[in-house]
Amino acid sequence: QKEVEQNSGPLSVPEGAIASLNCTYSDRGSQSFFWYRQYSGKSPELIMSIYSNGDKEDGRFTAQLNKASQYVSLLIRDSQPSDSATYLCAVNPTNRLAFGKGNQVVVIP
Amino acid sequence: KAGVTQTPRYLIKTRGQQVTLSCSPISGHRSVSWYQQTPGQGLQFLFEYFSETQRNKGNFPGRFSGRQFSNSRSEMNVSTLELGDSALYLCASTGPGTNTEAFFGQGTRLTVV
């Protein structure tokens, strides 16, 4: 079982729509969860961190965490062409980050 | 506040050579971790240093090594380069306390020919 799984393929969303990304993790002891955005040819940029069950909102982004189900999600509201990127889910088991393979999001104008 | 600085940005090396990459963390950050990113494997953890001590190590061969200096700057070294070592090498720094947010540098793109 992979530590962090992001199974969805590329996601195409119309401009202004909601993009929904999901991630599951295997280590129940994990306490910190992150979403990074990575543009092609660039390094990952931290966009959300979440540490407790429930929702956390920051601008157009909402992260959701369910530790019982070992599930993290990211919602991007009012998607913009500038949101077109790969989104990486990351979990911090112990002094390191374990990453999923990422989901490519394409926002269509 | 300056971000994480990695040097050099690009490197081309020949098989069998060795390479040293450098990372300067955000001021005040004492934890530095290294990752390798390839299209096939994604982002994989190499090692993590805190106060000059390696606290965690990923599943990479011994050709990959690192160290951290007293000013928190870190270096990683890859010896006897192989074609498969071609990748984007990323350094991340994490601040003190319980906040475990990690911030990445621009990366070093290594090409082995």
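Chain A is the first sequence line, chain B the second, and so forth, proteins listed ahead of strands; every chain is numbered from 1.
A:Glu45 does not touch chain B: none of its heavy atoms, backbone or side chain, sits under 4.5 Å away. Proximity to chain B involves both the backbone and the side chain of A:Asn95, based on heavy atoms less than 4.5 angstrom apart. Heavy atoms of A:Leu46 lying under 4.5 Å from chain B belong exclusively to its side chain. Using a 4.5 Å cut-off between heavy atoms, B:Leu90 contacts chain A through its side chain alone, with no backbone atom that close. Interface remark: B:Tyr35 contributes side-chain atoms only to the contact with chain A (heavy atom separation under 4.5 Å).
In this structure, OH on B:Tyr49 lies 12.0 Å from SG on B:Cys23, to the nearest 0.5 angstrom.
The main-chain N or O of A:Tyr25 is found under 3.5 Å from a side-chain atom of A:Gln70 such that the two form a donor-acceptor pair.
Here the side chains of A:Arg37 and A:Lys42 are not in contact, with every heavy-atom distance at 4.5 Å or above.
Taking the six-membered ring where the residue is Trp, A:Phe99 and A:Tyr36 present tilted rings, their angle falling between 30° and 60°.
If you chain together hydrophobic residues whose side chains sit under 4.5 Å apart, B:Phe103 and A:Phe33 never meet in one group.
Ranked by heavy-atom pairs under 4.5 Å with chain A, the list B:Gln44, B:Arg109, B:Gln41 is led by B:Gln41.
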